[in-house]
A.B. asks: 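Quick one: this structure, given as structure tokens, is what I'll be asking you about.
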Amino acid sequence: MPELPEVETIARGLSKRVTGDTIESVWIGSRHQPLKSPAQEIAATLDGATIARVRRVGKQIVFDLESPRGRAQWIVHLGMTGKMLVAPPELPVEKHTHLIARLASGREVRFVDPRMFGKLSVVPEHGFRAAGEEPLDVGVELFAGLFRRRKTPIKSALLNQKLLSGIGNIYADESLFRARVRPRRRAASLTRDELKRLYHAVQEVLNEAIAAGGSSVSDYVDAEGEPGFFQLQHRVYQRTGEPCLVCRAPIKRVIVAGRGTHYCPRCQK
DNA sequence: ACTATGTCCTGCGAGC
DNA sequence: TGCTCGCAGGACATAG
């Protein structure tokens, strides 16, 4: 599922291939679940707009658009199974394609999302605000302050996009393992040292994952249709019963915040 | 003001 | 072999 490193990889790929290009026409499928803004409004905003910039904010892809009608932003959240592909027009349109933007260069940007947890919207210029802090930009003091006085499990807090934007199930588990903190620990119970370890673990995991092009665990591919490789470096995620890479104890799986959660019962306190 | 839980959706794999 | 069923989970609604 696309979390910060996957979305970063996709946004970089899109940026490289569509910046400066102009959307000449837009097709939107009849399944409207993935749309947060009305289909008509999305089509009208994209149609004829030039893509000035593509970037990642939290887990969303933000397209800065310029057109004779003014500036706007196209916001794409990939949900669990969303893909943004840059494709030649002759490439067969795969099932669950919800939007196709045809570009002046001849290429197409396609939004594909089988499970339809993804969301598309358009907002006025500068209309989009990230809910929480960027995990890779935040300082250690502000980071630690986010968890103070919170009774919720630390894993739930990591998944809360209003605190930090971009961490999902994979990177929450991997970060907690590296920080040697159990996912069910109450956030407020973490010591200063543990919070510091967690801060560095989050940065390390996210940066390593970006370098590997993200994790391909379900059907994630980047804008060019290429998978990522960070799943090969997962130390706990989906390794239930396998030996911990540090102490050989079998990795445990429990449910926290309704999510499958993996940890080492010996290394993580 | 927080926190916990159910819901949306389709594809896939386990189990019979 | 072929079927059914349950699970996967990001964000939000709703309940407590």
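Throughout, protein chains are lettered first and strands after them, A, B, ... in sequence-line order, and every chain is numbered starting at 1.
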A.B. asks: Show me the side-chain donor-acceptor pairs of residues 240-256 of chain A shorter than 3.5 Å, one per line, residues at least two apart or across chains.
C.D. replies:
| residue | atom | partner | partner atom | Å |
| --- | --- | --- | --- | --- |
| E242(A) | OE1 | R239(A) | NE | 3.3 |

A.B. asks: Is the side chain of S165(A) donor-acceptor paired with the backbone N or O of Q161(A) at a distance under 3.5 Å, no angle test?
C.D. replies: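 Checked: pair present.
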A.B. asks: Less than 4.5 Å apart, any side-chain heavy atom of L164(A) and any of F147(A)?
C.D. replies: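 Yes, side chains in contact.
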A.B. asks: Find the distance K151(A):NZ to dA4(B):C1' and express it as a whole number of Å.
C.D. replies: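 So the NZ-C1' distance, K151(A) to dA4(B), works out to 13 Å.
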A.B. asks: Between L164(A) (CG) and dA11(C) (P), how many Å, whole number?
C.D. replies: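 Computing the L164(A):CG to dA11(C):P distance gives 12 Å.
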A.B. asks: Nearest whole angstrom, please: distance from the P of dC2(B) to the CD1 of I154(A).
C.D. replies: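 In whole Å, dC2(B) P and I154(A) CD1 are 16 Å from each other.
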A.B. asks: Rounded off to whole Å, could you give me the CD-to-C1' distance for the E94(A) and dT10(B) pair?
C.D. replies: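 Those two atoms, CD and C1', are 14 Å apart.
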A.B. asks: Once you round it to whole Å, what is the distance between C1' of dT3(B) and CZ of R184(A)?
C.D. replies: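 It is 16 Å, rounded to the nearest whole Å.
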A.B. asks: Let's see if you can work this out: which of dA4(B), dT10(B), dC2(B) has an atom nearest to the side-chain heavy atoms of P114(A)?
C.D. replies: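 The nucleotide sitting nearest to the side chain is dT10(B).
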A.B. asks: Which residue pairs pass the side-chain hydrogen bond (donor to acceptor under 3.5 Å, both in side chains) test with at least one member in residues 140-151 of chain A, sequence neighbours excluded?
C.D. replies: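 Found E141(A)-R192(A).
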A.B. asks: How close or far is atom C1' of dC2(B) from atom CG of L146(A), stated in whole angstroms?
C.D. replies: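 Those two atoms, CG and C1', are 15 Å apart.
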A.B. asks: May I have the distance from M116(A) (atom CE) to dT10(B) (atom P), rounded to whole angstrom?
C.D. replies: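 My rounded result for the distance is 4 Å.
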A.B. asks: Report yes if a side-chain nitrogen or oxygen of H96(A) is closer than 4.0 Å to either non-bridging phosphate oxygen (OP1 or OP2) of dC9(B); otherwise report no.
C.D. replies: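 No.
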A.B. asks: Would you mind building the protein contact string for nucleotides 5-10 of chain C? One character per nucleotide, 5' to 3', B for base within reach (heavy atoms under 4.0 Å), S for sugar-phosphate only, - for untouched.
C.D. replies: ---BBB
A.B. asks: Let me check something: any side-chain donor-acceptor pairs from residues 42-56 of chain A under 3.5 Å, sequence neighbours excluded? List them with distances.
C.D. replies:
| residue | atom | partner | partner atom | Å |
| --- | --- | --- | --- | --- |
| T45(A) | OG1 | E41(A) | O | 2.7 |
| T50(A) | OG1 | T22(A) | OG1 | 2.9 |
| R55(A) | NE | D64(A) | OD2 | 3.1 |
| R55(A) | NH2 | D64(A) | OD1 | 3.2 |
| R55(A) | NH2 | D64(A) | OD2 | 3.2 |
| R56(A) | NE | E8(A) | OE1 | 2.7 |
| R56(A) | NH1 | G58(A) | O | 3.0 |
| R56(A) | NH1 | E134(A) | OE1 | 3.0 |
| R56(A) | NH1 | E134(A) | OE2 | 3.3 |
| R56(A) | NH2 | E134(A) | OE1 | 3.0 |

A.B. asks: With sequence neighbours excluded, what pairs up with H234(A) under the side-chain contact (heavy atoms from CB on, under 4.5 Å) test?
C.D. replies: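 Applying side-chain contact (heavy atoms from CB on, under 4.5 Å) to H234(A) gives I170(A), E174(A), S215(A), V217(A), F230(A), Q231(A), Y237(A).
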A.B. asks: Testing the 3.5 Å rule here: is there a donor-acceptor pair between the side chains of R102(A) and S25(A)?
C.D. replies: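 Yes, side-chain donor-acceptor contact under 3.5 Å.
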A.B. asks: Does a side-chain N or O from T152(A) land closer than 4.0 Å to OP1 or OP2 of dA4(B), or not?
C.D. replies: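 Yes, T152(A) has a side-chain N/O under 4.0 Å of OP1/OP2 on dA4(B).
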A.B. asks: Counting N and O atoms only, with roles assigned by atom type, does the side chain of T19(A) sit under 3.5 Å from a partner on the main chain of K16(A), one being a donor and the other an acceptor?
C.D. replies: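 No, the answer is negative, given that no donor and acceptor are paired below the 3.5 Å cut-off.
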A.B. asks: Do I28(A) and L78(A) belong together in a cluster built from hydrophobic side chains that touch within less than 4.5 Å?
C.D. replies: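 Yes, one cluster joins them.
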A.B. asks: Between N160(A) (CG) and dA1(B) (C1'), how many Å, whole number?
C.D. replies: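 It is 13 Å, rounded to the nearest whole Å.
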A.B. asks: Whether K95(A) contacts dG11(B) is assessed here as follows: a side-chain N or O lying under 4.0 Å from the phosphate OP1 or OP2. Is that the case?
C.D. replies: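 Checking dG11(B) against K95(A), a side-chain N or O does come within under 4.0 Å of OP1 or OP2.
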A.B. asks: Just how large is the angle between the end axes of the helix from dC2(B)-dG16(C) to dC16(B)-dG2(C), five pairs per end, to 10 degrees?
C.D. replies: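 One end's axis against the other's: 50°.
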